[in-house]
Amino acid sequence: MAKKVEIAYRPSDDPIHVEYLKLALDEARKCEPTPTAFCVGCLIIIPGVDLNIASALPVASQGSGENRDILSTGFSRELPGNTHAEANALTKAYTLSAVEIGGERVSIDDLLALSDVYTTLEPCSVRLSGLAPCVDALVKAKIRRCFVGVAEPKDFVECEGQRKLMEAGIEVVRVKGLEEECLAVARTGHDSPLAYTLQREANYRVAATLEHLSYEVALPINDLPDLQVPSPPVPHPQVDEPLQPRISLKEDAKMKESQDIESATVQLSPVLETTGLPGLPDSKERRYDRQLRLWAASGQSALESAHILVLGASPTATSILKNLVLPGIGAFTILNDGVVEGKDLGANFFLETESLGKNKAEEAIKFLGELNDSVAAHAETRSLASILDDDPTYLHKFSLIIAENIPQRILERATALIWDPATADAVDPQTVSPPLIVVRTSGFLADFGIQLKEHPIITTHSDNAASLRIDKPFPSLLAHAFSLNFDKMDVTDHGHIPFVVILVRVLQEWKNDHAGKAPSTYAEKQEFKQRILKMKKKDDEENFDEAVAQAYKAWTNTVVPSEIDALFNDPSTKSLNANSDPFFHLVHALQIYTSQPPHTLPLSATLPDMKSDTKSYIHLQRLYKEQAAEDKARFTDILRGIESGGAGTGSGSVALTMVDDFVKNAHALRLIRGRKWTGLADDVEALTLAREMAPSGVATHLSLCALYAFEGENGRLPKAGDESDRAKMTAWVKARLTATGWAPEPEPEDSAMTGADEDEEALPKEITLWEHVTNAIGEVSRAPAAELPTTAALMGGMVAQEVIKVITKQYIPIDGVCAVDLVSSTTGTVKV
């Protein structure tokens, strides 16, 4: 155990140290203020004395002129995450190349061991976040001395950073004269009621964290150590009813059962609610934390701006809405003119006994609205038929429409009006057609499809990675690849060269030997791979094996993908006007961008995982991020030029956030142009292909089509178990299949006739298309109007997922009809 050191700092008012600390203060002022952390600046200095490597002094990565001895700088939260100044300065130092630190005669570890650290605030010795404290990183780096502006105040924790440094043999020097300034800068953003409130809540989190750990190890409360939690500061005069401090973990744990869960996990104090400081989770971010990780703030904003219309108040309809209300859809309207009957109560969880005889829509929104008080719930008690007759513009007021188990004739009218507003005289022909999702259920069978007229998607979340541009390396990447001396590297560094750097280097050398051409024949590609393997210094260097596995990226020409090139020739791109979707303005700018050298899409800053060490990977990532930023700036200039030339969008310039998303996902853009909802029944070509590819899904879909075709022709649903009605639906399906050239499958021959050995194990019998149809028709005719809670629950999740895809314009929605058969527990998508 390290010897306990008495605190006896060496003070200094040397002008040189004061000047360096002033530079560190300049770094601290770059911090983004936050009430829950300090603003600290740090420098790592290589003194010009006591160095035995004078001829190999570093070039200095962060300074020039009189500051050429600055190795690295850092400030709080400079790098992603809740990062501290000293840790950031060390991280940046470790990413410096051999050229940046003065050649290969000295390593970064050697330089750090000779370095002095200047920090405006005492390095932390404990962190509430659980991350490693900065003092540990400084000790590990074996720095020579640490110059401190001021000791860390006990605002959050009691710090022993200076003591720990001295115990590790590192000299600590207090720089005199700037204490007040260092403390004032450190506490930037702390002089508000919010800061006081957050500090008290931080104390609560300490206790809660320790309490959580006690449950993880199954310790009874009485066995917990009596750990002291920091007391709150002097009460702030602007904060009403100050919280009582929790003195010990034991006392805090005993209060657990009396806490209100909602207030502990979702609601913040009034002071928090009225602030908007960056980096602080508000009530919405706390509530929607998980989904924000899926579709980010832009997707959540689109969701909260949406108003959807649901035609029907059935169990399936309310289940869909439940899964949209919880993630925070902006508003919804249920349209239904029916009243609640006794049969509705057993299947619809959003109705109660008191709802009997009342309007379904008005009753359903009561409980749905209680799920999320930020969602606006509305009821429309008119019938859909009367709205189509008297108020056709009504449907076009919504972001998206869901039609569930709507009678065939009314559904056909609604889909036609939604698809083509010009069919109604009262609707402006320029009106945008809202997406429509048609859902049908009967017993254990269900299907749904989406009617989309034009749907651009920027954030597709595609699994296809963007090009690394190995065949067309940008200047800094090429320079980095040739700055490394592979032969003189030690074995450890050699085994950590990223495969991207290896491929760039080997490909360029290959081109130099082959008149600028990449490997093209099989023999050349094998020779290229052998070149890589011969570079190994040890047999187990996995990074070179990875380079061989990824070698195809070296001879694959980076070009604009065909799907993106097709967007350049899309009619909407070629006929831009003020009413055009911003997506097409961005596509037009991308077309101009790719017409210029190097004729590629903007570079993506995202790197895949690879065999490398942290230092090499971070340096490579920095190169890609810097080039990606340059590419985005060039793209933005082109876009703004288009807008200033008169082809801008009607709402002004395209938002920078949209530009960012577009550039990041330029390799995976999608434009969906659908067709009016009709299903497969009358599409002979699509049905011919589908019956071969997905017989079970086709059978489910056609059976539901037959159910509503029967209702359209007879003005009623089939009677449950009625053989005559069942025969009519069967004949309807058979006629559609026959039109595709289908003929009933022959019965399988008996084993005695085929001479099969009775002792041989029989192969599983393959279910024919007609058997699928017979089973599906049987389920539909068994209980045509039944909506089961299990089917409703499953469909509620599946349809809500597609609604979110469409509204957020993220992820790719289903293409075709999704058919669900819960009898056989199968689902499938049938291409329409």
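Bear in mind that the values here come from a model prediction, so they are computed numbers and not experimental data. When reading the values below, keep in mind they use all heavy atoms of this one structure, side chains included, and skip hydrogens, waters and symmetry mates. Sequential numbering from 1 along the given sequence is applied to the chain's residues.
Under the 4.5 Å side-chain criterion, counting only non-hydrogen atoms from C-beta, Phe662 is not in contact with Thr459. Using a 4.5 Å cut-off on side-chain heavy atoms (C-beta onward), Thr492 and Asp613 make no contact. The shortest distance between side-chain heavy atoms of Thr636 and Val663 does not fall below 4.5 Å. Side-chain contact between His455 and Lys809 is present, with at least one heavy-atom pair separated by less than 4.5 Å. Counting only heavy atoms from C-beta outward, the side chains of Thr91 and Leu79 approach each other to under 4.5 Å. Using a 4.5 Å cut-off on side-chain heavy atoms (C-beta onward), Val504 and Gln508 make no contact. For the pair Asp471/Leu507, a side-chain contact is recorded, criterion being any heavy-atom separation below 4.5 Å from C-beta on.
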Got a list of side-chain donor-acceptor pairs under 3.5 Å for residues 627-635, not counting sequence neighbours?
unit_1, atom_1, unit_2, atom_2, d
Gln627, NE2, Asp631, OD1, 3.0
Asp631, OD2, Tyr593, OH, 3.4
Asp631, OD2, Leu603, N, 3.0
Lys632, NZ, Asp660, OD1, 2.8
Arg634, NH1, Gln596, OE1, 3.0
Arg634, NH2, Tyr593, OH, 3.1

Table please: side-chain donor-acceptor pairs of residues 810-818 below 3.5 Å, with sequence neighbours left out.
unit_1, atom_1, unit_2, atom_2, d
Gln810, OE1, His461, NE2, 2.9
Gln810, NE2, Trp295, O, 2.9
Tyr811, OH, Leu294, O, 3.0
Asp815, OD1, Lys831, NZ, 3.3
Asp815, OD2, Lys831, NZ, 2.2

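Listed for the Ser616 side chain is no donor-acceptor partner under 3.5 Å among the backbone atoms of Ser612. A donor-acceptor contact shorter than 3.5 Å is absent between the side chain of Asp581 and the backbone of Phe584.
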### Message
Walk me through whether Tyr94 and Thr614 qualify under side-chain contact (heavy atoms from CB on, under 4.5 Å).
### Response
CA-CA 9 Å; Tyr94 282 120; Thr614 302; over 6 Å; no
### Task
Check the pair Asn543 / Ile502 against side-chain contact (heavy atoms from CB on, under 4.5 Å), numbers first and verdict last.
CA-CA 9 Å; Asn543 55 328; Ile502 296 172; 3.9 Å; yes
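Counting heavy-atom neighbours within 6.0 Å of Lys537 NZ, excluding the residue itself, gives a total above 12. Within 6.0 Å of NZ in Lys511 there are more than 12 heavy atoms belonging to other residues, nucleotides or ligands. Counting non-hydrogen atoms of other residues, nucleotides and ligands closer than 6.0 Å to CZ of Arg670 gives a total of 12 or fewer. Lys536 NZ: more than 12 foreign heavy atoms inside a 6.0 Å radius. Residue Lys615 places its NZ atom among more than 12 non-hydrogen atoms of other residues, nucleotides or ligands, all under 6.0 Å distant. Within a 6.0 Å radius of CG in Asp490, other residues, nucleotides and ligands contribute more than 12 heavy atoms.
In terms of the ring-ring contact (aromatic ring centres under 6.0 Å, His included) criterion, Trp677 has no residue partners (sequence neighbours excluded). Residues passing the salt bridge (Lys or Arg N to Asp or Glu O under 4.0 Å) test with Asp513 are Arg531, sequence neighbours excluded.
Screening residues 493-504 for side-chain hydrogen bond (donor to acceptor under 3.5 Å, both in side chains), with sequence neighbours left out, gives His494-Glu541. Counting only residues at least two apart or on different chains, the salt bridge (charged side-chain N to carboxylate O under 4.0 Å, His left out) pairs with a member in residues 586-611 are Glu542-Lys611.
Taking the ring centroids of Phe544 and Phe499, they lie at or beyond the 6.0 Å cut-off.
A donor atom on one side chain and an acceptor atom on the other are found under 3.5 Å apart for Ser467 and Thr558.
Ion pairing of Glu78 with Lys92 is present here, as a side-chain N (NZ or NE/NH1/NH2) and a carboxylate O approach within less than 4.0 Å. Using a 4.0 Å cut-off between a side-chain N of Lys or Arg and a carboxylate O of Asp or Glu, Arg673 and Asp570 qualify as a salt bridge.
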